[in-house]
Amino acid sequence: MRFWLMKSEPSTYNIDTLSQAPKQTDHWEGVRNYQARNFMRDDMKKGDHAFFYHSNCETPGIVGKMEIVRESTPDFSALDPESPYYDPKSTEQNPRWFMVSVRFLEKFTHPIALHTLKNYSALHQMILLKPGNRLSVMPVTPAEWQFILNLSKE
DNA sequence: GCCAACGTTGGC
DNA sequence: GCCAACGTTGGC
């Protein structure tokens, strides 16, 4: 099983939105970055786990975890002219963007703020913490995953 | 294939 | 809301 971190702006979609969705499952639509897309399309497998990260908000950080329940399929929002994620260069025959489906697993009683993550040398290598990083989907190592899970239980 | 201009991300 | 860092676009 592999581990991931996926960002969302909570004003658009947050961990409560997911936990209140039917079957606590939803599409992770709207990723429009090639590297992030490639992770979802090529490397994410059913059964993988992912942290839910709130970005661009008062306290950015990891707020919970989820499970990948469906591997990548074309992101239909790219085909919808009404969608903010519309991309005229993506077509049904030749889709440019992909998404996975995720299921809510847990909302942390102690979310871990970005500024807290930065305090631990065990996490210094996290892609999330690399200067200038803007990836919205990225891998997390098993050691990082376990370390962060432990923090969430303190 | 270079690279300037532009748009986006996301912390602060 | 600012703005630095980065990715993408498109003219040449």
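In what follows, every chain begins at residue 1, and chains take the letters A, B, ... in the order their sequences are listed.
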Asks: Starting at atom NE2 of A/His115, determine the distance to atom C1' of B/dG10, rounded to an integer number of angstrom.
Replies: 16 Å
Asks: Does a nitrogen or oxygen in the side chain of A/Tyr53 sit under 4.0 Å from OP1 or OP2 of B/dT9?
Replies: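 No, because none of the side-chain N or O atoms of A/Tyr53 sits under 4.0 Å from OP1 or OP2 of B/dT9.
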Asks: Using modelled atom types only, decide if a donor and an acceptor are shared between the side chain of A/Glu106 and the backbone of A/Lys65 within a distance under 3.5 Å.
Replies: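 No.
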Asks: Report yes if at least one side-chain N or O of A/Lys118 is closer than 4.0 Å to OP1 or OP2 of B/dC12; otherwise report no.
Replies: yes
Asks: For a quick test of reading the model, state the closest non-hydrogen atom pair linking A/Ala36 to A/Leu135 and the distance between them.
Replies: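 Answer, listing the atom of A/Ala36 first, then A/Leu135: N-CD2, 3.7 Å.
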Asks: Within this structure, what is the CG-to-P distance between A/Leu129 and B/dG11, rounded to whole angstrom?
Replies: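 So the CG-P distance, A/Leu129 to B/dG11, works out to 11 Å.
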Asks: Rounded to whole angstroms, how far apart are CE on A/Met6 and P on B/dG10?
Replies: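 Distance, rounded to whole Å: 13 Å.
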Asks: For the atom pair CG (A/Asp80) and CZ (A/Phe76), what is the distance rounded to the nearest 0.5 Å?
Replies: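 The CZ atom of A/Phe76 is 8.5 Å from CG of A/Asp80, to the nearest 0.5 Å.
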Asks: Without decimals, in angstroms, what is the distance between A/Leu114 CG and B/dG10 C1'?
Replies: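 Atom-to-atom, A/Leu114 to B/dG10, this comes out as 10 Å.
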Asks: Using 0.5 Å steps for rounding, measure from the CZ atom of A/Phe147 to the CD1 atom of A/Ile112.
Replies: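 Separation between the atoms: 9.5 Å.
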Asks: To the nearest Å, give me how far apart CG (A/Asn38) and C1' (C/dG7) are.
Replies: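 From A/Asn38 CG to C/dG7 C1': 14 Å.
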Asks: Contact class for A/Leu135 vs. all strands (heavy atom < 4.0 Å): base, sugar-phosphate, or nothing?
Replies: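 Contact class for A/Leu135: sugar-phosphate only.
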Asks: Within less than 4.0 Å of OP1 or OP2 of C/dG10, is there a side-chain N or O belonging to A/Lys89?
Replies: yes
Asks: How many Å lie between CZ on A/Arg134 and C1' on B/dC12, as a whole number?
Replies: 16 Å
Asks: Would you mind telling me which of B/dC12, C/dT9, C/dG7 lies closest to the side-chain atoms of A/Asn33?
Replies: C/dG7
Asks: Distance check needed: B/dG10 P versus A/Asn133 CG, whole Å only.
Replies: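 The distance from CG of A/Asn133 to P of B/dG10 comes to 8 Å, rounded to the nearest Å.
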Asks: What is the distance from OH of A/Tyr34 to P of B/dT9, rounded to the nearest Å?
Replies: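 Taking OH of A/Tyr34 and P of B/dT9, I get 14 Å after rounding.
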Asks: Picking from C/dT9, B/dG10, B/dC12, which would you name as closest to the side chain of A/Lys7?
Replies: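 Of C/dT9, B/dG10, B/dC12, B/dG10 is nearest to the side chain of A/Lys7.
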Asks: Give a yes or no on whether a salt bridge exists between A/Asp75 and A/Arg37, defined as a side-chain N under 4.0 angstrom from a carboxylate O.
Replies: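 A/Arg37 and A/Asp75: not salt-bridged.
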Asks: If each of A/Asn56 and A/Arg32 is mapped to the nucleotide of DNA chain C with the nearest heavy atom, which maps nearer the 5' terminus, i.e. the 5' end?
Replies: A/Asn56
